[in-house]
Trainee: 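Input: one structure, supplied below.
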Amino acid sequence: MTAAKLGLGGHSFIAELGNDPEASFEEQCAIVAACLDRGIGLIDTTYYQERLALGEVLERLGRRDEAEIMAWNFFKQPGKERELVGFTPYEPEHLAAMLTELRTDRIDMLVVHVHDDAAKLREELALAASWMSEGRVKRVALGMARPEHLAELPVGHPVTAVLAPYNAFYQEAGELFRLAKEWGMETIALSPFVRGWRLDELGADKDDAADILLRWAATQPAVDRVIVSMRRAAWVDANLRAIGRGPLSEAESARLHGWLTRKG
Ligand SMILES: NC(=O)c1ccc[n+]([C@@H]2O[C@H](COP(=O)([O-])OP(=O)(O)OC[C@H]3O[C@@H](n4cnc5c(N)ncnc54)[C@H](OP(=O)(O)O)[C@@H]3O)[C@@H](O)[C@H]2O)c1
């Protein structure tokens with residue numbers, strides 16, 4: 001139960017959005033193996049660099065079938081191979097490239113990043129549905145969705161999950177998640193710590209801060225799963241233990257409240 005609540009974030013495989021330098025290939029293998037050994041199967045990949053890394057790791061481990069691979073529409077762009085570029089709406093040629101990067105024949109959860117061009121979004125959902133009918137995509141999710149995106153979903157859409165950053169500091173996605181649950185969708189909260197460096201800014205003991213912020217996100221009634229990036233294998237157990245401790249005590253809630261209301 002505890003392990004099913006946690007997912008591994010793809011930023012674990014890159015240096016750009018963390019404090020720590022990029023984990024070595026051996027450490028990346030150890031992180032993914034630690035997750036799979038403990039029943040954490042959901043692994044996100046946002047940027048194409050993360051797909052390349054995860055594909056190589058799962059191939060080395062020989063454990064592709066144990067993972068539930070999630071993948072977003074952030075693609076490699078000519079001249080920007082070393083950058084983290086923004087999302088691009090899906091086109092028919094994108095899936096083959098993603099599968100090659102991931103060294104697999106299927107994506108377990110394909111994430112469609114929302115935007116405000118409703119006609120284009122409908123086109124992307126139809127494309128995702130066609131990939132599902134071919135067995136190359138198992139499920140489709142909406143990423144960074146807002147409540148209005150759910151309301152505008154066309155009849156017969158393939159979406160069964162929503163993803164958005166949701167943590168004690170940024171609670172805007174609460175309404176989206178409550179609505180998605182009413183619609184029978186799965187809800188996946190991203191970035192329980194905002195970013196790793198936010199933990200440092202709190203000035204509290206970092207282990208305590210991570211414990212409290214992760215438990216806040218994981219115990220919200222409308223949250224099914226939480227994605228955390230972990231650049232060290234040791235954090236897999238630390239985060240699992242935190243989730244196992246359940247809701248915050250009154251004293252822990254008061255500490256969290258202090259961080260949320262602090263100025264500056
Ligand atoms: N937020 C978004 O907009 C967004 C969008 C698309 C996808 N995602 C997904 O959400 C995932 C998580 O996002 P995120 O990396 O931005 O934020 P996060 O998961 O809230 O923060 C991860 C950072 O927290 C630190 N950490 C993890 N476990 C720890 C522990 N037990 N003790 C102390 N520090 C710990 C690490 O920091 P350092 O390594 O930096 O020290 C790690 O990089 C991403 O990997 C991605 O898959 C997020």
Side-chain angles (χ1 to χ4, degrees), residues 2 5-24 27-28 31-32 34-35 38 40 42-51 53-54 67-75 84-88 102 107-115 141-146 161-173 176 187-218 223 225-245 259:
T2 301
K5 194 104 207 192
L6 195 60
L8 175 66
H11 301 350
S12 309
F13 305 119
I14 57 173
E16 281 84 349
L17 299 171
N19 292 313
D20 283 348
E22 185 172 325
S24 66
E27 183 71 11
Q28 291 180 12
I31 293 164
V32 172
C35 286
R38 288 154 182 77
I40 301 170
L42 180 66
I43 306 181
D44 181 47
T45 56
T46 308
Y47 299 103
Y48 92 92
Q49 294 93 328
E50 300 171 3
R51 291 195 291 274
L54 181 64
E68 183 184 354
I69 298 179
M70 194 153 77
W72 295 62
N73 43 331
F74 290 74
F75 303 114
L84 302 182
V85 294
F87 76 96
T88 304
L102 284 162
I107 289 172
D108 300 296
M109 199 182 303
L110 186 87
V111 185
V112 180
H113 193 301
V114 296
H115 48 76
L142 275 189
M144 314 303 273
R146 296 189 303 273
V162 293
L163 286 76
Y166 187 46
N167 53 59
F169 292 96
Y170 298 100
Q171 301 186 19
E172 288 82 352
L176 167 80
T187 56
I188 303 178
L190 309 170
S191 307
F193 310 136
V194 186
R195 299 284 189 213
W197 56 77
R198 190 64 187 260
L199 289 172
D200 299 303
E201 288 168 4
L202 295 176
D205 176 86
K206 197 167 170 175
D207 294 341
D208 283 358
D211 178 281
I212 288 174
L213 286 169
L214 182 54
R215 284 163 60 208
W216 182 90
V223 169
R225 300 204 262 186
V226 182
I227 303 279
V228 187
S229 43
M230 301 180 249
R231 286 187 190 78
R232 302 180 199 173
W235 281 342
V236 177
D237 280 331
N239 290 335
L240 268 182
R241 278 197 302 273
I243 288 191
R245 278 191 275 278
W259 297 333

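For ligands, and for the atoms within them, numbers begin at 1 and follow the listed sequence. On a predicted model such as this, the values are computed, not experimentally measured, just so you know.
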Trainee: Considering only heavy atoms, which of A234, G196, G7, G143 lies nearest to atom 37 (O) of ligand 1?
Mentor: G196
Trainee: Within ligand 1, which atoms have a heavy atom of L199 less than 4.0 Å away?
Mentor: 33 (C), 34 (N), 35 (C)
Trainee: Between A210 and ligand 1, which residue portion shows a heavy-atom distance shorter than 4.0 Å: side chain, backbone, both, or neither?
Mentor: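 Looking at A210 and ligand 1, just side chain atoms fall under 4.0 Å.
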Trainee: Answer side chain, backbone, both or neither: which part of P165 comes under 4.0 Å from ligand 1, heavy atoms only.
Mentor: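 Side chain only.
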Trainee: Please verify whether a non-hydrogen atom of W72 lies at under 4.0 Å from ligand 1.
Mentor: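 Checking ligand 1 against W72, which is what was asked, there is a heavy-atom contact under 4.0 Å.
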Trainee: Can you sort out which atoms of ligand 1 are near G10, meaning under 4.0 Å from one of its heavy atoms?
Mentor: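 Once the distances to G10 are compared, the set is 45 (O), 47 (O).
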Trainee: Between P192 and ligand 1, does any nitrogen or oxygen pair lie at a separation below 3.5 Å?
Mentor: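 Between P192 and ligand 1 (N or O atoms, distance only) the closest approach is under 3.5 Å.
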Trainee: Which of the numbered atoms in ligand 1 are below 4.0 angstrom from a heavy atom of V194?
Mentor: 16 (O), 17 (O), 20 (O)
Trainee: Please indicate whether any nitrogen or oxygen in R195 is less than 3.5 Å from any nitrogen or oxygen in ligand 1.
Mentor: yes
Trainee: Give the single entry among S191, S12, S229 that approaches atom 48 (C) of ligand 1 most closely by any heavy atom.
Mentor: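 It is S191 whose heavy atom sits nearest to atom 48 (C) of ligand 1.
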Trainee: Do ligand 1 and M144 have nitrogen or oxygen atoms that lie under 3.5 Å from each other?
Mentor: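 No; every N/O pair is 3.5 Å or more apart.
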Trainee: Of all residues at least two apart in sequence or in a different chain, which pass the side-chain contact (heavy atoms from CB on, under 4.5 Å) check with E22?
Mentor: A15, Q28
Trainee: Does ligand 1 come near enough to D207 that some N or O of the ligand is less than 3.5 Å from an N or O of the residue?
Mentor: no
